[in-house]
Amino acid sequence: MEKSLGKVLVVEDESKLARFIELELRHEGYDVVLAEDGRVGIEKFYEEEPDIILLDLMLPELNGIEVCRRLRKESDVPIIMLTAKGETMDKIAGLDSGADDYITKPFAIEELFARMRVALRRSANSNDNNGNVLTLHDLKIDISRRMVYYKDNEVELTKREFELLTYLVKNKNIVISREQILNQVWGYDYIGETNVVDVYVRYLRTKIDDKFGVKLIHTIRGVGYFVKDDE
Ligand code: CA
């Protein structure tokens with residue numbers, strides 16, 4: 001028997017689409033579990049312990065953003081949101097709720113597979129990190145435990161905010177362009193609004209700079225962002 005590429009939980013209420021995705025995934029070599037609404041999706045997550053979740057945004061019972069938010073409190077499982085055309089603001093909200101990525105329907109199945117491989121690889125890499133702590137002034141990032149502290153105050157970040165902050169701190173004193181950030185933090189040739197980076201920098205500033213009265217993330221207009229380790 002061939003080895004499974006992993007178990008995928010597909011939370012999608014359009015049964016035709018769900019069935020199509022299921023068949024394609026099985027053909028590719030994944031195990032598949034289906035859930036037809038948000039509540040069942042959360043139940044199946046606990047029962048089945050999938051390696052990755054494909055999560056429709058518009059769902060009966062609990063919508064995708066709410067499902068994502070709840071799962072993120074418990075787990076770092078990779079989540080890819082399935083969104084319909086024109087749901088741009090919802091996409092941003094989806095990423096803020098902790099999704100790793102999103103893909104717009106209708107999509108090419110090969111593109112979905114590519115996104116899944118990236119998300120699964122990133123998740124495997126982050127599980128390999130252990131005992132890694134980064135510091136910058138009074139900021140401390142515990143990479144293995146995914147915790148951030150400022151002067152011993154815990155800073156609660158979403159998964160993507162955490163990854164953005166970690167990337168900036170790892171590259172301290174270097175100005176990093178939005179495109180580099182997109183490639184490294186979002187992890188693929190991102191097609192869409194590069195202002196998603198600005199949105200996330202703003203989230204981080206609200207949670208760290210504004211809250212603790214510091215200037216951590218600097219903007220170089222028209223170029224990008226950086227953090228520096230001398231005041
Ligand atoms: Ca739907």
Side-chain angles (χ1 to χ4, degrees), residues 4-123 158-161 163 182 185-193 195-196 199-200 203:
S4 167
L5 293 177
K7 190 189 278 185
V8 188
L9 171 59
V10 181
V11 190
E12 169 61 73
D13 61 315
E14 288 166 54
S15 55
K16 262 188 172 165
L17 179 61
R19 183 80 187 126
F20 167 75
I21 294 172
E22 180 186 16
L23 289 175
E24 293 286 347
L25 287 173
R26 285 194 193 285
H27 187 251
E28 185 75 3
Y30 291 96
D31 292 322
V32 183
V33 177
L34 295 182
E36 70 278 9
D37 69 45
R39 214 169 286 282
V40 174
I42 289 180
E43 283 169 21
K44 296 273 183 196
F45 169 76
Y46 289 108
E47 282 170 26
E48 302 280 349
E49 300 181 350
D51 299 297
I52 185 167
I53 301 178
L54 306 181
L55 179 60
D56 184 29
L57 185 67
M58 300 300 288
L59 286 168
E61 298 300 323
L62 283 177
N63 73 36
I65 287 173
E66 189 52 35
V67 171
C68 192
R69 223 167 248 147
R70 292 193 189 187
L71 292 177
R72 261 305 159 259
K73 288 187 183 155
E74 311 289 331
S75 165
D76 267 344
V77 64
I79 298 175
I80 298 179
M81 305 284 287
L82 311 177
T83 70
K85 262 206 177 103
E87 293 174 334
T88 311
M89 280 320 293
D90 292 337
K91 282 176 192 169
I92 305 262
L95 295 172
D96 189 38
S97 67
D100 295 76
D101 201 354
Y102 64 83
I103 188 164
T104 306
K105 294 189 263 189
F107 47 79
I109 201 74
E110 288 302 331
E111 187 180 358
L112 177 64
F113 291 158
R115 304 276 182 107
M116 287 173 61
R117 284 192 295 270
V118 169
L120 284 166
R121 206 180 314 128
R122 196 190 299 133
S123 147
T158 64
K159 191 172 180 208
R160 189 74 73 183
E161 290 164 356
E163 283 171 5
L182 282 172
V185 178
W186 273 257
Y188 55 93
D189 294 328
Y190 180 91
I191 301 161
E193 309 83 355
N195 75 5
V196 71
V199 171
Y200 274 79
Y203 291 153

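In listed order, ligands and their atoms are each counted from 1.
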inquiry  = Tell me whether Glu22 is salt-bridged to Arg26, with the criterion being a basic N under 4.0 Å from an acidic carboxylate O.
reply    = yes
Requested in this report: Kindly confirm whether the Ca ion (ligand 1) is within less than 3.0 Å of some N/O/S atom in Glu12?
Outcome: no
Rounded to the nearest 0.5 Å, the CD1 atom of Ile65 sits from the CE atom of Met81 at a distance of 5.5 Å
Looking only at heavy atoms, the pair that brings Leu62 and Ile42 closest together is CD1-CD1, 3.7 Å
All heavy atoms of Ile80 vs all of Tyr102, minimum pair found to be CG2-CA, 4.2 Å
Per residue Asp56, nearest N, O or S atom to the Ca ion (ligand 1) is named OD2
*asked:* Under 3.0 Å from the Ca ion (ligand 1), can any N, O or S atom of Asp13 be found?
replied: yes
